[in-house]
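Right, one structure below, let's go through it.
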Amino acid sequence: MSSVDTKTILVKPRDSTADADLQHQPSAPVTYKLRTTANWVQKPYKKRNIWERLATLDLASDRCYIVQPQNPNPPPKLSAWHERAWLAIMIAPALMIQALWYYMVPENSYFHTWHPIVTLIFYHIAFIVFILNLIKHLTYYMDVYGTFDEHKRPRDYVADKDVYPLIRTVLLYTIVRTAGGLILGGYNRYAPPLLGHSISWAFPIKIGLWLIALDFFFYFYHRAVHTFPFLWKYHSKHHSTKHPTPLQSILAGDIQEVIEIALIPLGASLVMPLSAHEFWIAQCILVYVEGMGHSGARVYWTHPIIGEVLRPFKMEITIEDHDLHHRLGKSGRNYGKQSRIFDRIFNTISERIEGIEK
Ligand SMILES: [Zn+2]
Ligand SMILES: [Zn+2]
């Protein structure tokens with residue numbers, strides 16, 4: 001982990017119109033302690049390289065990077081139905097385009113079915129579009145509601161040295177997850193996305209079980225990397241931020257990347273198999289939950305699939321839970337990323353500070 005150093009960065013005074021600064025260029029001097037060096041955010045947008053420009057999409061408004069007065073109010077509650085509607089609107093178009101294609105192009109045409117390579121390219125692009133919309137959605141919540149613990153420490157910028165690796169990992173992550181879903185789900189080019197066929201009516205239950213299976217594998221992997229010093233070195237990179245942003249969900253060393261991107265979803269799929277189209281929907285929901293958990297947005301948010309089912313057992317996860325996990329560093333707690341089922345069973349919960357539901 002990099003040492004804490006003091007850097008002078010340029011930030012706007014709080015009462016200025018932060019939203020007018022669309023390129024997130026800070027404008028007045030303030031001394032603030034940074035954990036990592038992030039000189040790239042001080043460069044004018046035009047002087048940023050392509051990777052820095054892509055990382056700019058992850059920046060919320062300036063207020064998220066400046067210590068704020070303590071908010072005496074509990075975090076507002078986000079509507080789970082609003083979030084489910086947002087997910088449906090963002091996920092459905094890709095599936096509808098493929099289904100419409102199969103409906104419109106005659107069956108005897110050479111172009112009627114989609115070759116697996118065409119499907120991979122199409123759903124990979126659709127996944128990236130989904131992630132771009134997701135980042136916009138999350139930074140909007142961060143801007144409007146602020147972030148957890150903002151009265152003590154604001155969000156961390158992506159460090160200079162991590163900008164390129166993070167963008168590269170996003171590309172790797174999206175392609176591996178898209179291809180893996182098509183392979184594991186046994187993509188059949190003659191089966192367009194149709195409810196009751198390639199997408200089961202029982203999908204909400206199937207994905208709920210898949211997410212819990214995923215959390216089971218993730219919990220033990222995650223607890224192990226926090227417990228054993230020889231494994232911590234592979235995970236410590238992810239903890240180089242105490243207050244992450246959506247893009248930093250994917251901050252990881254190479255070995256951690258392989259385990260998290262490929263092996264854990266593979267384990268979940270052996271327990272609860274999904275079809276190729278179901279898999280793609282699951283990937284979108286997974287990345288949505290990951291992004292939410294790393295946004296630090298100061299809201300009471302419910303996991304859109306399993307949150308309400310787990311809440312009576314106090315096993316539901318909220319944004320503050322993973323935010324606390326980052327604040328606690330190696331000492332850990334809150335190891336689950338989809339739920340607190342296993343944290344509750346094995347007594348590794350860190351109680352919430354601000355996000356206590358009223
Ligand atoms: Zn961790
Ligand atoms: Zn994390």
Side-chain angles (χ1 to χ4, degrees), residues 1-2 35-36 55 58 60 64 131 134-135 138-139 141-142 147-149 153-159 162 165-166 169-170 172-173 177 211 214-261 263-265 285-299 301 303 316-344 346-353 355:
M1 286 224 296
S2 58
R35 187 161 296 270
T36 48
D58 179 60
C64 297
I131 290 173
L134 173 64
I135 290 176
L138 298 174
T139 51
Y141 285 146
M142 292 163 74
T147 55
F148 282 110
D149 206 35
R153 183 192 169 91
R155 292 290 112 185
D156 290 330
Y157 288 117
V158 174
D162 292 329
L166 272 179
T169 307
V170 170
L172 182 78
Y173 170 95
R177 284 284 178 95
L211 289 167
L214 184 111
D215 216 35
F216 171 82
F217 291 111
F218 185 78
Y219 178 87
F220 289 104
Y221 150 77
H222 196 188
R223 195 166 169 186
V225 295
H226 275 261
T227 306
F228 302 109
F230 73 99
L231 292 175
W232 170 250
K233 65 176 185 227
Y234 299 116
H235 186 56
S236 59
K237 177 88 184 159
H238 186 66
H239 281 272
S240 61
T241 168
K242 291 277 181 210
H243 275 177
T245 55
L247 184 60
Q248 293 176 81
S249 312
I250 209 161
L251 185 63
D254 292 346
I255 291 180
Q256 187 189 347
E257 274 175 25
V258 174
I259 294 170
E260 290 192 17
I261 294 178
L263 297 186
I264 289 175
I285 292 171
L286 202 56
V287 80
Y288 162 85
V289 174
E290 286 271 340
M292 270 289 177
H294 288 89
S295 71
R298 197 178 177 282
V299 287
W301 163 87
H303 190 298
E316 86 289 6
I317 201 163
T318 67
I319 295 175
E320 192 179 19
D321 298 323
H322 195 68
D323 210 55
L324 279 164
H325 176 75
H326 274 265
R327 264 178 261 166
L328 290 167
K330 187 176 183 301
S331 57
R333 305 191 88 74
N334 294 350
Y335 297 111
K337 243 187 319 198
Q338 301 295 318
S339 76
R340 297 198 296 176
I341 298 174
F342 305 103
D343 283 303
R344 185 63 74 193
F346 297 104
N347 199 21
T348 50
I349 283 181
S350 169
E351 294 302 335
R352 293 163 192 157
I353 300 168

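Whatever order the structure lists them in is the order used to number ligands and atoms, beginning at 1. If you read the sequence from its start, that first residue is 1, and numbering goes on from there.
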Show your reasoning for whether ring-ring contact (aromatic ring centres under 6.0 Å, His included) applies to H294 and H238.
CA-CA 11 Å; H294 288 89; H238 186 66; 5.2 Å; yes
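Ring-plane geometry between F220 and F346 is classed as perpendicular, the angle between the planes exceeding 60 degrees on a 0 to 90 degree scale with a lower cut at 30. Classified by interplanar angle (parallel below 30°, tilted 30° to 60°, perpendicular above 60°), the ring pair F342/Y219 is tilted. H222 and H322 have tilted rings, their planes meeting at an angle from 30° to 60° on a 0 to 90° scale.
Between R352 and D321 there is a salt bridge, since at least one side-chain N of the basic residue sits less than 4.0 Å from a carboxylate O of the acidic one.
The name of the N, O or S atom in H322 nearest to the Zn ion (ligand 2) is NE2.
Protein atoms of type N, O or S found under 2.8 Å from the Zn ion (ligand 1) total 5.
Side-chain contact between P246 and M142 is present, with heavy atoms from C-beta onward closer than 4.5 Å.
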